[in-house]
Number of protein chains: 2
Amino acid sequence: MATGRTHRPATRSRGIPEATVARLPLYLRALTALSERSVPTVSSEELAAAAGVNSAKLRKDFSYLGSYGTRGVGYDVEYLVYQISRELGLTQDWPVVIVGIGNLGAALANYGGFASRGFRVAALIDADPAMAGKPVAGIGVQHTDELEHIIESNGVSIGVIATPAGAAQQVCDRLVAAGVTSILNFAPTVLTVPDGVDVRKVDLSIELQILAFHEQRKAGEEAGPDGGAPVAATRAAAAVAGEGKGPDGDVPAVMPA
Amino acid sequence: MATGRTHRPATRSRGIPEATVARLPLYLRALTALSERSVPTVSSEELAAAAGVNSAKLRKDFSYLGSYGTRGVGYDVEYLVYQISRELGLTQDWPVVIVGIGNLGAALANYGGFASRGFRVAALIDADPAMAGKPVAGIGVQHTDELEHIIESNGVSIGVIATPAGAAQQVCDRLVAAGVTSILNFAPTVLTVPDGVDVRKVDLSIELQILAFHEQRKAGEEAGPDGGAPVAATRAAAAVAGEGKGPDGDVPAVMPA
DNA sequence: ATGTCTTTGTGAACGCGTGCACAAAGATGG
DNA sequence: CCATCTTTGTGCACGCGTTCACAAAGACAT
């Protein structure tokens, strides 16, 4: 789901399933909110509701971390926050570089959720010389030439790619060569990386297309098996197929495609 | 995975598995690239490599759509582009509203991948009166008061929420009440919606936390089962746990948390 | 027309994730 | 100290998704 490579032993390291790992941040957020409201304990039922999951699933997830609950009472909020944070590796500082400071890169740089979770923006990097030195979110943008130097001197192991699709693989290769082993990719491309490097992809266009599929299905059901066009005009299909050189290729891309 | 509700019959409508639907956009992108290079046909092996998936999986995915391939030859690129586009509902125009025009909302508005996939930004909406009328990506921002009117008069069925977490549920409720049945949520909150409404979530912070988990695991493996701190200094765990009122709550939020 | 060779489409096995349902654990009150 | 009541932790079954492996289908050459 994440790596661009063939297989992966997932997360059998200490037996924590990948699906569980993906939910831990969700639990952590709900727990943090409870912690701020000084709630001492929660039941699996309450916490599950807050996180939007099944309570049995939540209990099973926590069982992979250990027996942190008390039967008849529930879970100690503070303790659980600590345990999950530790498990996720959030008790340490993770320097991060963002490459590609367009609209999206700037939005990411300004994002407040970084610092509060142990992530620190070590540098903003862009290929455009005109951007160099320009402050974004209080940090001066540096040129791509500095990439290797920045990564090595800051011990950066996590990189965020927010470049146009055409530049992504090249940037990725340089990041990996310089020592980055985890990449969050916003560019609409399949990245190829060596074994041992994790890639996670965020793709807005794909999410919208999935929504469109379900939307079409809904419209089709209530309007007969024919699937009538909902409100808006139906576009010529050929326009989608051909249309050559759409604004999607790589040039001004500012977000996943 | 997407809905904030309990269960869902997934996509048993015509038997197309949800996992397959999620991959169709991936295939479509690869196929579009081939189409632009005027490649007439592709084998499942080639296309699978381009999309970064297993070829058997790809063939099985396509088999849910029908038998569009020719044995001994492969798939006709143009024809497949059309079939997938149609299946995803991309042969029609989908008006979309973006609510919350902060850094992220603006980045989304500027995103070129919208139009090229059949999505059209019908309106940008923000609660800040100072934003009203201000042009972003060539479109004037409108005030939240107009929300219901815009949705109804444009027949909008897909909404994008890019507001701070605190406002998300409220915006969501209004969108749904006005007729929106698919929501793409960038706010770091669990949205509660009625049955029949699809919600997909994009959460940057969660992705980073998952990467941190794997990163920590890698570091721990090569430095003994103790798990030495990689380069950066280890933060006090308490700072993560307590820290009350971090920049994550809802006020200046500009991205998923 | 026949044979060979390529590639699809799919039956079957496997593994992961989910959710039910319940026994064990422990808190709490008398 | 015992009874009761709440909530955890988990064994089990089920269903979805993935992958293998191969028969069927068709292109292409002779």
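First the proteins, then the strands, lettered A, B, ... as listed; each starts at 1.
- Nucleotides of DNA chain C nearest to A:R59 and A:T20 differ in position, and the one nearer the 5' end is that of A:T20.
- Side-chain atoms of B:S205 and B:Q209 include a donor-acceptor pair closer than 3.5 Å.
- Distances shorter than 4.0 Å separate some side-chain N or O of A:S44 from OP1 or OP2 on D:dT8.
- With sequence neighbours left out, B:A177 forms a side-chain contact (heavy atoms from CB on, under 4.5 Å) with no residue at all.
- Listed pair B:Y64 / D:dC16 fails the phosphate criterion, with no side-chain N or O lying under 4.0 Å from OP1 or OP2.
- One finds a side-chain N or O of A:R23 lying less than 4.0 angstrom from the OP1 or OP2 phosphate oxygen of C:dT18.
- Counting only N and O atoms by type, the side chains of B:Y79 and B:Q83 include a donor and acceptor under 3.5 Å apart.
- One can place OH of A:Y27 at 13 Å from P of D:dT8, the figure rounded to the nearest angstrom.
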Heavy-atom protein contacts under 4.0 Å, nucleotides 23-30 of chain D, coded B base, S sugar-phosphate only, - none: -BB-S---
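- C:dT6 atom P lies 18 Å from atom OH of B:Y75, rounded to whole Å.
- In this structure a side-chain-to-backbone donor-acceptor pair under 3.5 Å is missing from B:T20 to B:I16.
- OP1 or OP2 of C:dC20 has at least one side-chain nitrogen or oxygen of A:N54 nearer than 4.0 Å.
- Applying the salt bridge (charged side-chain N to carboxylate O under 4.0 Å, His left out) criterion to B:R59, with sequence neighbours excluded, gives no partner residue.
- Protein atom CD1 of B:I16 is 15 Å distant from nucleotide atom P of D:dC16, rounded to whole Å.
- Atom CG in B:L47 sits roughly 10 Å away from atom P in C:dT8 (whole-Å rounding).
- Taking 4.5 Å as the limit, some side-chain heavy atom of A:L34 sits within range of a side-chain heavy atom of A:V42.
- Closest contact between the side chain of A:S63 and the listed nucleotides D:dG17, D:dT10, C:dT8 involves D:dT10.
- At the phosphate of D:dT7, neither OP1 nor OP2 sits under 4.0 Å from any side-chain N or O atom of A:Y68.
- B:E215 and A:T181 are linked by a side-chain donor-acceptor pair at a separation below 3.5 angstrom, with hydrogens and angles left out of the test.
- Using modelled atom types and a 3.5 Å distance limit, the side chains of A:Y68 and A:D76 yield no donor-acceptor pair.
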Please produce a list of atom pairs where a protein N or O lies less than 3.5 Å from an N or O of nucleotides 12-15 of chain D.
from   : atom 1 : to    : atom 2 : distance (Å)
D:dC12 : N4     : A:K60 : NZ     : 3.2

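- Contacts of A:F62 with the nucleic acid, taken as non-hydrogen atoms under 4.0 Å apart, are absent.
- Rounding to whole angstrom units, CG of residue A:L58 and P of C:dT18 are separated by 12 Å.
- Distance, A:E45 CD to D:dT8 P: 8 Å, rounded to whole Å.
- With sequence neighbours excluded, the residues that form a side chain to side chain donor-acceptor pair (under 3.5 Å) with A:E207 are B:R200.
- Among residues two or more places apart in sequence or in another chain, the side-chain contact (heavy atoms from CB on, under 4.5 Å) test is passed with B:Q170 by none.
- Rounded to whole Å, atom C1' of C:dG15 lies 13 Å from atom NZ of B:K57.
- Look at CG on B:L65: it is 15 Å from P on C:dT8, rounded to the nearest Å.
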